[in-house]
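Just so you know, these numbers come straight off a predicted model, no measurement behind them.
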Amino acid sequence: GALGAERSRITVSATAKVVGGAPICVIGLDQDATKTVFLDKTAHMEAPNCSVYSNSTKAGGLEAKADSVVHAAFICSAGGKVGDKKTSFAPDPQTDCPVIPDPLAARPQPSASGCLQTDLVISGGATTLMPGTYCGGITITDAARVTLSSGVYAIKNGPLVVTGGASLSGVNVGLFLTGKGARIRFDGPSTVSLTAPKSGDMAGMLMFEDRASPVGQTHEILSDDTRMLLGTIYLSRGRLHVAANKPVADQSAYTIVVANQFSLSEGPTMVLNTNYDATNIPVPTGVGPNANRTALTK
């Protein structure tokens with residue numbers, strides 16, 4: 001100014017973005033919650049070749065308590081991270097990461113037609129079910145052995161419960177959870193083995209929660225024998241809670257979790273494999289190798 005030159009205001013802007021790195025196999029979508037991705041006790045999350053991501057902007061949006069461990073190729077939190085020990089995370093998470101929009105938000109939803117059955121309870125014996133809409137949910141108990149034929153199962157206004165030493169299996173099946181109370185619960189003394197469809201509305205989608213479902217419904221995997229969960233688990237309104245004592249999904253070629261919140265407790269090892277070429281079940285666009293890969297640019 002003293003030299004007669006005009007003063008100029010200089011401004012600088014910067015935008016963080018996600019590029020390169022490992023495919024995403026876990027996203028906790030809730031931006032406002034603490035513990036959007038949360039581990040407790042001796043829980044382990046094993047994702048050695050993919051990325052774990054928490055969208056929470058809170059200081060405790062990503063937390064591993066007690067002797068729990070998150071092991072991944074890359075770990076990112078839009079807010080902060082809390083760990084009881086230096087070994088809680090491997091590697092140490094990046095914090096203040098950009099929020100990742102729901103990568104499956106544009107995926108068309110399946111539909112639920114008229115009720116094929118209502119308030120179905122299967123107790124004992126061997127049963128094969130056909131695709132369709134099961135109003136009021138399905139309860140499988142008393143050591144029943146249930147096989148799902150290939151196709152889409154709409155679980156409407158009620159839960160899918162496997163308990164009492166029962167088993168549930170299905171190849172190329174999709175679970176569409178719609179309405180109040182539409183949640184899953186695989187109890188401790190049960191066996192579950194499921195793979196997602198190869199084609200159709202739910203190709204690559206093992207579970208799909210209706211985007212109009214109530215917020216905060218909890219879907220529970222408590223079974224010590226749920227080693228095959230091949231496909232993408234999409235629970236954009238609810239919380240997936242795993243509290244088994246033995247490995248979960250470890251026999252799956254790949255498993256991807258996109259949930260509003262994701263928690264593990266007790267002693268499970270949740271395994272997120274990335275053997276995408278080892279199966280003919282496609283990976284949905286937006287996740288896994290079909291998504292932006294995570295690593296922060298500066």
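The pair Asp250-Arg227 meets the salt-bridge criterion, since a charged nitrogen lies less than 4.0 angstrom from a carboxylate oxygen. Salt bridge present: Asp67 and Lys85 bring a charged side-chain N and a carboxylate O closer than 4.0 Å. The pair Lys41-Glu266 meets the salt-bridge criterion, since a charged nitrogen lies less than 4.0 angstrom from a carboxylate oxygen.
Under 3.5 Å, the side chains of His241 and Gln261 contain no donor-acceptor pair of N or O atoms.
Note that the OH atom of Tyr134 and the NZ atom of Lys156 stand 14.5 Å from one another [nearest 0.5 Å]. Atom NE2 in His71 sits 12.0 Å away from atom CG in Leu272 (nearest 0.5 Å).
Under the 4.5 Å side-chain heavy-atom criterion for grouping Ile, Leu, Val, Met, Phe, Trp and Tyr, Phe38 is not connected to Phe89 through any hydrophobic cluster.
Judged as a disulfide (SG to SG under 2.5 Å), the pairs with a partner in residues 113-178 (not counting sequence neighbours) are, in order, Cys115-Cys135.
Put simply, the side chain of Asp102 gets close to the backbone of Leu104: a donor and an acceptor are under 3.5 Å apart. Side-chain atoms of Ser77 come within 3.5 Å of backbone N or O of Gly80 as a donor-acceptor pair.
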Inset, instruction - Determine, stepwise, if the pair Ser236 / Arg211 fulfils side chain to side chain donor-acceptor pair (under 3.5 Å). - result: CA-CA 7 Å; Ser236 63; Arg211 298 186 183 97; 5.0 Å; no
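Side-chain contact between Leu264 and Met45 is present, with at least one heavy-atom pair separated by less than 4.5 Å.
Each of Thr195, Ile281, Leu229 was evaluated against Leu206; a single residue qualifies, Leu229, per the side-chain contact (heavy atoms from CB on, under 4.5 Å) test.
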